[in-house]
2 protein chains.
Amino acid sequence: MLLTFTEENYLKAIFKITERAVKVASTNMVAEQVNTSAASVTDMLKKLSDKGYINYEKYKGATLSPTGVKVATQLIRKHRLWEVFLHDKLKFPWEQVHEIAEQLEHINSDDLISRLDNFLGNPRFDPHGDPIPNSEGKFMLRNQTSLDMVHSGQRVLVVGVTQHSVDFLKYLNQLKVKLGTAFKVMAVTDYDKSITLEKDGAETLTITHQVAKNLLVKFQK
Amino acid sequence: MLLTFTEENYLKAIFKITERAVKVASTNMVAEQVNTSAASVTDMLKKLSDKGYINYEKYKGATLSPTGVKVATQLIRKHRLWEVFLHDKLKFPWEQVHEIAEQLEHINSDDLISRLDNFLGNPRFDPHGDPIPNSEGKFMLRNQTSLDMVHSGQRVLVVGVTQHSVDFLKYLNQLKVKLGTAFKVMAVTDYDKSITLEKDGAETLTITHQVAKNLLVKFQK
DNA sequence: TTACACATTTAGACAAGTCTAAAAATAAGA
DNA sequence: TCTTATTTTTAGACTTGTCTAAATGTGTAA
């Protein structure tokens, strides 16, 4: 069964919302994700429910059905593979790949995606450090923490970001922070939770709690 | 000004129709190209005319305006560059690239296309031998004839096809005819205009007039 | 030049996705 | 539990692109 561009975006939105702590996607949450009105969302949820992609009860919100999950993870797979292509092959900076991948992810061809995956060397993470689901929709798991959970003295390696906005990524460029950057945590301020880090060499930088929350790291022994 | 997927397809259709002998695209011709009804075409021609992309007079048919030509050639540029990508990088056979490129051509990003062009080594022809317009929309011209215009004794090199249907291209695969294949014309039958060719080595094959018409060749001295 | 065939346009309708405004349901505080 | 604030849904309308059926225009053969 063929889904429209729009339907696909709704499924992806619901997936994103229910991926973490939230178990059920509310109408308003979806509306914010797809940047539309709550009324439009209600209509679409009804439609997607009729088609079997989501479980939806009036006033109770929506979750993806198994079919819905499949569609959403395949979209994410396509999105992230295209991001790798744009970054690795076409040399786009990481802050520019998301927007173009939003278009490319809707291209319809299984053969295309499996060939692209191969061409790229079956990458397991995209340019932001997000895992790329395999063709069965399985994600690679990884031991990671957001940088606001660390303590003074710990050594960490940047492995991802939880925010893909151009502004945030450009700010990281400015700080010369990218995937693979290693830090030692020098201090965590009680007052505003800002964190002072020392880069591999000697440079020191201080970031706000806001920034730390959006940086994913893994611990180094 | 942003065009919809559908509007772009109409402009491309009018371009294709008026590219050769026909000077004006009639409603029915467009309807056949975009695979829709004449009534729908009339509506769309009115709209595209209002927006300044075509010159259209009731009952007289349509031609592209300068802006329309620009849009259409950029679409063709994108289409053919993606075809090169699919064929050269992802190793799709030439009969499969068209369909996927029909989707990819609508992706919107000038930067993407200029990077893709570079990544591919600024190719000047697509996998079917069609010239790729440059970013100003200029086409490379080439001395070429369709194979039904040749005479016995002439030596030719296959440089293109005028038909991109999967069936036709698969038939050529079967005959082991591809871009760059060299032939000597052995005989042209008066009766049915079928042509007997000798391949570089020694193999001989006979093709119908229908096939010959759709093969583009250039002469070898 | 008339008559007919064919091409084209108009009229009216429909589906998808959107909107605003109003109504209804739910949640939360006193 | 009652009242109010917030969320969600419904109602009705609009846009885009499509359709069929009917009306109109154009071109050609007799």
Side-chain angles (χ1 to χ4, degrees), chain A residues 1-14 16-18 21-64 68 71-72 75 102-103 105-106 108, chain B residues 1-14 16-18 21-64 68 71-72 75 102-103 105-106 108:
Chain A
M1 209 272 188
L2 254 247
L3 287 157
T4 67
F5 192 97
T6 312
E7 289 170 332
E8 289 189 339
N9 281 336
Y10 274 90
L11 292 179
K12 208 176 43 147
I14 297 168
K16 273 191 191 164
I17 292 164
T18 56
V22 188
K23 329 114 232 133
V24 179
S26 75
T27 303
N28 266 354
M29 285 169 175
V30 177
E32 200 194 355
Q33 267 291 317
V34 305
N35 200 30
T36 189
S37 72
S40 307
V41 173
T42 300
D43 288 347
M44 184 56 92
L45 293 185
K46 241 179 287 176
K47 195 170 101 181
L48 290 172
S49 173
D50 288 347
K51 293 194 179 182
Y53 293 104
I54 65 172
N55 311 112
Y56 168 61
E57 253 188 286
K58 267 188 180 185
Y59 297 102
K60 298 278 181 65
T63 57
L64 292 178
V71 173
L75 272 172
E102 286 285 311
Q103 297 183 60
E105 73 188 4
H106 298 286
N108 226 309
Chain B
M1 211 272 186
L2 253 247
L3 286 156
T4 66
F5 193 96
T6 313
E7 290 170 333
E8 289 190 339
N9 280 337
Y10 273 89
L11 292 179
K12 206 176 44 147
I14 298 169
K16 273 190 192 165
I17 292 164
T18 55
V22 188
K23 327 118 232 126
V24 180
S26 75
T27 302
N28 266 354
M29 285 169 174
V30 177
E32 199 194 356
Q33 268 289 317
V34 304
N35 199 30
T36 187
S37 71
S40 306
V41 173
T42 299
D43 288 346
M44 185 53 92
L45 293 185
K46 242 180 286 179
K47 195 169 103 180
L48 290 172
S49 173
D50 288 348
K51 292 193 177 181
Y53 293 104
I54 66 174
N55 310 111
Y56 168 61
E57 253 186 285
K58 265 188 181 184
Y59 297 103
K60 299 277 179 67
T63 57
L64 293 177
V71 173
L75 272 171
E102 285 284 311
Q103 297 183 61
E105 72 188 5
H106 298 287
N108 227 307

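Lettering of chains follows the sequences in order, A, B, ..., and the numbering in each one begins at 1. Because only heavy atoms are used, hydrogens play no part in the values below, and waters and symmetry mates are left out as well, while side chains stay in.
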At a cut-off of 3.5 Å, list every protein nitrogen or oxygen paired with a nitrogen or oxygen from nucleotides 21-25 of chain D, distance to 0.1 Å.
{"residue": "dG25(D)", "atom": "O4'", "partner": "Tyr59(B)", "partner atom": "OH", "Å": "3.4"}

Considering only nitrogen or oxygen atoms on both sides, find all protein atoms under 3.5 Å from nucleotides 1-6 of chain D and state each distance.
none

To the side chain of [X], which of [options] is closest?
X	options	result
Thr6(A)	dT8(C), dT18(C), dT18(D)	dT18(C)
Lys46(B)	dC19(C), dT10(C), dC19(D)	dT10(C)
Thr27(A)	dT9(D), dT8(C), dT18(C)	dT9(D)
Thr42(A)	dT18(D), dT8(C), dT10(D)	dT10(D)

Derivation of the side chain to side chain contact (heavy atoms under 4.5 Å, CB included) call for Lys46(A) and Thr42(A): CA-CA 6 Å; Lys46(A) 241 179 287 176; Thr42(A) 300; 4.2 Å; yes
Value in whole Å for how far the [atom2] atom of [N] lies from [atom1] of [X]:
X	N	atom1	atom2	result
Met44(B)	dT10(C)	CE	P	16 Å
Lys58(A)	dT7(D)	NZ	C1'	14 Å
Glu57(A)	dT8(D)	CD	P	14 Å
Lys60(A)	dT9(D)	NZ	P	11 Å
Leu2(B)	dT15(D)	CG	P	19 Å
Asp50(A)	dA15(C)	CG	P	14 Å
Asp43(A)	dA16(C)	CG	P	12 Å
Leu3(B)	dT16(D)	CG	P	13 Å

### Query
If you take all heavy atoms of Val24(A) and Lys60(A), which pair is closest and at what distance?
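Shortest heavy-atom separation between Val24(A) and Lys60(A) comes out as CG1-O, 3.2 Å.
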Salt bridge (Lys or Arg N to Asp or Glu O under 4.0 Å) partners of residues 2-11 of chain B, not counting sequence neighbours, each pair once: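 Output for this query lists Glu7(B)-Lys47(B), Glu7(B)-Lys51(B).
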Return the [atom1] to [atom2] distance between [X] and [Y], rounded to the nearest 0.5 Å.
X	Y	atom1	atom2	value
Leu3(B)	His106(B)	CG	NE2	10.5 Å
Asp43(B)	Tyr10(B)	CG	OH	8.0 Å
Leu48(A)	Asn55(A)	CG	CG	11.5 Å
Asn9(B)	Leu75(B)	CG	CG	7.5 Å

ask   = So what does Tyr10(B) touch, heavy atoms closer than 4.0 Å: a base, only the sugar-phosphate, or nothing?
value =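 Result for Tyr10(B) = sugar-phosphate.
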| said: By the 4.0 Å heavy-atom rule, please label Phe5(A) as base, sugar-phosphate, or nothing. | reply: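 If one applies the 4.0 Å heavy-atom cut-off, Phe5(A) turns out to touch nothing in the nucleic acid.
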[N] OP1/OP2 closer than 4.0 Å to side-chain N/O of [X]:
X	N	result
Thr36(B)	dC19(D)	yes
Ser40(B)	dC19(D)	yes
Ser37(B)	dC19(D)	yes

So with a 6.0 Å cut-off around CG of Asp50(B), is the heavy-atom count from everything else above 12?
->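 Atom CG in Asp50(B) is crowded, with more than 12 foreign heavy atoms closer than 6.0 Å.
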### Message
Tell me if the CD atom of Glu102(B) is crowded by more than 12 foreign heavy atoms within 6.0 Å.
### Response
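Counting neighbours around CD of Glu102(B), more than 12 heavy atoms of other residues, nucleotides or ligands fall under 6.0 Å, so yes.
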Donor-acceptor check, side chain of Thr18(A) to backbone of Ile14(A), threshold 3.5 angstrom: yes or no?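 Yes: the side chain of Thr18(A) pairs with the backbone of Ile14(A).
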